[in-house]
Amino acid sequence: RQERLLGNERLRFAGYRCVVKIWLAGSGSIERTELVGSCGSDEIDSTVRSVLADTSLRQSPPADLPQPVRIRLDSRRSG
């Protein structure tokens, strides 16, 4: 849910790019996250992990969804 990342003050104005592996529960909540490399700084890495840990999908994922799911986050610095 992109709005969770955009709604975070630290992330809204930061420029970052990273790949995140996520494991989803049957309910759609994110059970675990793992960054593949860094988003560019320890602060951004920590914030991305925190925001994703408090995020869930609007719908439950398919039961046979291969996990982890890899997503790429790519933000442009806002100014």
Side-chain angles (χ1 to χ4, degrees):
R1 301 203 11 199
Q2 183 178 359
E3 62 270 7
R4 298 276 303 153
L5 294 167
L6 292 173
N8 182 281
E9 287 293 321
R10 286 185 188 152
L11 297 178
R12 183 181 313 150
F13 299 108
Y16 60 93
R17 176 183 287 183
C18 59
V19 174
V20 182
K21 294 193 280 187
I22 59 172
W23 286 260
L24 299 164
S27 64
S29 64
I30 295 178
E31 289 186 321
R32 178 178 161 202
T33 63
E34 183 179 306
L35 292 178
V36 179
S38 174
C39 295
S41 77
D42 291 342
E43 181 181 0
I44 296 297
D45 293 351
S46 177
T47 304
V48 165
R49 281 190 210 98
S50 176
V51 169
L52 291 176
D54 192 32
T55 300
S56 61
L57 303 178
R58 291 186 181 134
Q59 296 178 327
S60 297
D64 60 350
L65 180 71
Q67 296 203 43
V69 175
R70 292 171 68 101
I71 59 172
R72 187 182 79 199
L73 304 177
D74 194 351
S75 171
R76 294 187 195 137
R77 193 176 307 262
S78 231

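Below, each value reflects all heavy atoms present in this structure, side chains not excepted, and no hydrogens, waters or symmetry copies.
Residue pairs meeting the salt bridge (charged side-chain N to carboxylate O under 4.0 Å, His left out) criterion with at least one member in residues 15-29, sequence neighbours excluded: R17-D74, K21-E34.
What you find for G40 and D45 is that their closest heavy atoms are N-OD1, 3.9 Å.
Atoms CZ and OG, on R10 and S50 in that order, are 8.0 Å from each other to the nearest 0.5 Å. Rounding to the nearest 0.5 Å places CZ of R49 at 8.0 Å from SG of C39. To the nearest 0.5 Å, the span separating OH on Y16 from OG on S38 amounts to 12.5 Å.
Here the side chains of V69 and I71 are in contact, with some heavy-atom distance below 4.5 Å. When side chains are defined from C-beta on, L24 counts as touching I30, because their heavy atoms get closer than 4.5 Å. Residues V48 and L73 form a side-chain contact, since some pair of their non-hydrogen atoms from C-beta on lies under 4.5 Å apart. Residues V20 and R70 are not in side-chain contact: their nearest non-hydrogen atoms beyond the backbone lie 4.5 Å or more apart. Proximity of I22 to P68: side-chain heavy atoms (C-beta onward) are nowhere separated by under 4.5 Å.
Side-chain atoms of S46 never come within 3.5 Å of backbone atoms of D42 as a donor-acceptor pair (strictly under, hydrogens ignored). No donor-acceptor distance shorter than 3.5 angstrom exists from the side chain of S29 to the backbone of A25, with no hydrogens or angles considered. S60 places a side-chain N or O within 3.5 Å of a backbone atom of G26 that can act as its donor or acceptor partner.
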Q: Give the intermediate values and the outcome of side-chain contact (heavy atoms from CB on, under 4.5 Å) for residues I44 and L11.
A: CA-CA 7 Å; I44 296 297; L11 297 178; 3.9 Å; yes
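Linking ILVMFWY side-chain heavy atoms closer than 4.5 Å, directly or via other members, places L65 and W23 in two distinct hydrophobic clusters.
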